[in-house]
Amino acid sequence: MYIYQLPFEVNKELCRLLDSDDNWKELAGVHMKYSPFDVNEIEQVAKRQTSSPTAQLFIRWGQLNHRVEELFILLYRMKHIPALRCLVPVVDSRFHRLLSKQDSNKGVRCNDTAGINENANQQTAKADGTYSSIPIPVMLIQKGIQIPVSSRVSNGVSPNDESSVETSTNNTSTNDTKPSGLDDELIKKISAIPMVDYEELKIATNNWSDNNLLGRGGFGQVYKGVWKLSAVAVKRLRNNDGRSNKELIGEMCLNQYRHDNILPLYGYSLGGPEACLVYQYMAGGSLEQRLRCKTVHPPLTWSQRYKIAHGVARGLQYLHTMAGTPLIHGDIKPANILLDQCIMPKIGDFGLARKGPYGEERTHLKVSRVHGTRPYLPDEYLRSHYLSPAVDVFSYGVVMLELATALPAMERTRAVQLLSDFMHLQNRERVDFAALEDRNIRGTPNSNPSLCREFAAIGLHCTQYNRQERPTMLEVYKRLDGMNLPEKYFP
Ligand SMILES: Nc1ncnc2c1ncn2[C@@H]1O[C@H](COP(=O)(O)OP(=O)(O)OP(=O)(O)O)[C@@H](O)[C@H]1O
């Protein structure tokens, strides 16, 4: 049942309970992740219409196709027992366990997923391993059971990208974070993301027509579609295998981070033959396509390159400065930088993102597995498995070198295969980087040797071997922002 289908009496009682002591504000701000601005706006609308702010909140949240089971989980997180009781008649019986647990613990937080798992699994898993159309958190929990995270053996190379890496060590004293860890925290995060019916996506993409195919990645294919009158890109994850699920869940966890330079996830679908993620469609394609001139668009101008560098730096510094725990993207590369019709960049593909070290005194985590794309990863991560925001800084540096030169990050036929190594060598040999400017614009009216040198210098700084010598993303952003450039360069 969707929120907007809540029976009148249940809705009324919930509004009464949540209006009291402004409980709805905690629900909206803390659990549904509305900004203080949105919360204030909801309050103002309710005042103007002399209606219940909770009712206004439900109208707004309900427009995103949220379901009562999702609300039930958020209320469980709030430990709001009367509101949970009120919802009991309209949520699936598998969720009632949460209430009894909450009751018996008298407000002590607990992790109930194990109990639900067993229960839900028995009731809804079909013999062929597929799942019937059931409430989404249960579906995820079931899928979580299927993901053999601890037993999965790394193959070292991802199927589609020979330069992608995924290595593991036997180090047991790691602080690795598991995007697929289906705990209470995860349920809280995913429950704020709208679920989309698989059939709707099939229609949106013209039955997965080849004409709608935008590209292929390591996790599956991406199709253009029109969904609810909006242009979307639908990532159809291959076969629900462990890695795809892991990416799916990782992306969902990250969806709580909203920023102009982060690709918005509109929804997800788990009910069909394949899991799908629905994103905003980015008409400008990926930076990878633009740098390799794989589109009908002309080569990027320098003001566009600047806009991209500036926007990606802004998005990354946002992730890295999350209160207490930075968020590390882990796979920054041109293929994961999407451009809208105005060349505003948005960082996508959060499947490998992880929470970084907590607290100011901790500089890095030692992780058990290294994920990502080799030419964009620094030595300390590849060899020592040290994960820190400096990993993203290094990757960003390689992207800056590519923006300046359009040379590939790794070239097997080049004497020095890695672009970062190659550019450091050129620097030691005092080569003028203007001579390495993207050959598509070098010598044309669009050429800008000084900006090319500046981009290369930032790229070299970010790809310093010692991570302590790399700048933070905030420093990079400020350096870009402080450049004395004509008006047209500024986003
Ligand atoms: N939101 C989007 N709008 C427009 N095109 C997109 C969008 N998302 C992805 N694409 C296109 O689909 C291609 C495949 O994307 P996907 O994220 O699956 O793979 P990738 O990032 O290239 O590789 P991998 O996931 O293995 O790192 C992209 O290169 C891009 O061209």
Side-chain angles (χ1 to χ4, degrees), residues 155-166 179 196 201 204-205 208-227 230-239 241-252 254-255 260-268 274-297 300 308 311-312 315 329-353 370-377 392 395 398-399 402 408-410:
N155 62 7
V157 178
S158 86
N160 280 10
D161 181 357
E162 61 172 8
S163 57
S164 287
V165 287
E166 182 179 314
V196 185
L201 296 180
T205 57
W208 310 113
S209 159
D210 281 350
N211 295 334
N212 291 41
L213 191 63
L214 289 168
R216 285 190 171 81
F219 296 107
Q221 294 149 309
V222 182
Y223 293 82
K224 186 178 177 185
V226 178
W227 177 69
S230 302
V232 290
V234 185
K235 194 183 271 193
R236 195 180 178 202
L237 299 172
R238 201 185 310 113
N239 283 338
D241 61 25
R243 193 168 175 199
S244 296
N245 276 312
K246 195 170 174 180
E247 185 196 39
L248 176 80
I249 292 165
E251 296 235 2
M252 285 179 173
L254 269 294
N255 188 251
D260 284 351
N261 299 110
I262 292 176
L263 183 66
L265 178 65
Y266 287 166
Y268 65 99
E274 308 96 12
C276 300
L277 293 163
V278 186
Y279 298 96
Q280 177 186 355
Y281 170 66
M282 300 291 281
S286 71
L287 176 59
E288 171 77 11
Q289 292 168 319
R290 296 301 290 267
L291 283 174
R292 312 281 161 252
C293 293
K294 284 186 188 159
T295 61
V296 290
H297 303 283
L300 292 165
I308 294 165
V312 175
H329 182 279
D331 202 17
I332 293 294
K333 58 180 178 178
N336 290 338
I337 297 169
L338 282 309
L339 308 170
D340 72 8
Q341 69 280 13
C342 307
I343 313 293
M344 161 84 95
K346 296 193 193 233
I347 303 168
D349 224 337
F350 279 81
L352 302 182
V370 171
H371 308 276
T373 310
R374 190 181 290 278
Y376 297 88
L377 298 178
D392 282 346
S395 313
V398 179
V399 173
E402 288 187 85
M410 173 134 130

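Positions are given from 1 along the sequence. Both ligands and their constituent atoms are indexed starting at 1 by order of listing.
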**Asked** Among Gly220, Pro334, Gly217, whose heavy atom sits nearest atom 23 (O) of ligand 1?
**Response** Gly217
**Asked** Do Val222 and ligand 1 have an N or O pair less than 3.5 Å apart?
**Response** no
**Prompt:** Backbone N or O of Pro345 within a donor-acceptor pair of the Asn261 side chain at under 3.5 Å?
**Reply:** yes
**Message:** I need the contact type for Ala335 against ligand 1. Using non-hydrogen atoms and a strict under-4.0 Å cut-off, is it side chain, backbone, both or neither?
**Reply:** both
**Message:** Contact between ligand 1 and Gln289 is defined here as a heavy atom of the residue under 4.0 Å from a ligand atom; is it met?
**Reply:** yes
**Prompt:** What are the atoms of ligand 1, with element, lying closer than 4.0 Å to any heavy atom of Arg216?
**Reply:** 14 (C)
**Asked** Taking heavy atoms and a distance under 4.0 Å, where does Lys333 meet ligand 1: side chain, backbone, both or neither?
**Response** side chain
**Any side-chain heavy-atom pair of Val196 and Tyr268 under 4.5 Å** = no
**Request:** Verify, without hydrogens or angle tests, whether His329 (side chain) and Ile347 (backbone) share a donor-acceptor contact under 3.5 angstrom.
**Result:** no
**Request:** Working to the nearest 0.5 Å, report the span between CG of Leu377 and CG of Asp331.
**Result:** 7.5 Å
**Request:** Check whether any side-chain heavy atom of Pro334 sits under 4.5 Å from a side-chain heavy atom of Tyr376, and report yes or no.
**Result:** yes
**Prompt:** Counting each atom of ligand 1 from 1 as listed, which ones have a heavy atom of Ala233 under 4.0 Å away?
**Reply:** 1 (N), 2 (C), 3 (N), 7 (C)
**Prompt:** Side chain, backbone, both or neither: which part of Glu288 has a heavy atom under 4.0 Å from ligand 1?
**Reply:** neither
**Request:** Please examine the side chains of Trp208 and Leu201, heavy atoms only from C-beta on, and report whether any two atoms are closer than 4.5 Å.
**Result:** yes
**Item:** Those atoms of ligand 1 less than 4.0 Å from some heavy atom in Asn336
**Value:** 21 (O)
**Message:** Can you check which of Leu263, Leu338, Leu237 brings a heavy atom nearest to atom 6 (C) of ligand 1?
**Reply:** Leu338
**Heavy-atom donor-acceptor pair, Asp392 side chain to Gly330 backbone, under 3.5 Å** = yes
**Message:** For ligand 1, which is the ligand I care about here, please tell me if Tyr281 has any N or O atom under 3.5 Å from one of the ligand's N or O atoms.
**Reply:** no
**Polar side-chain atom of Asn212 near backbone of Lys224 as donor-acceptor pair, under 3.5 Å** = yes
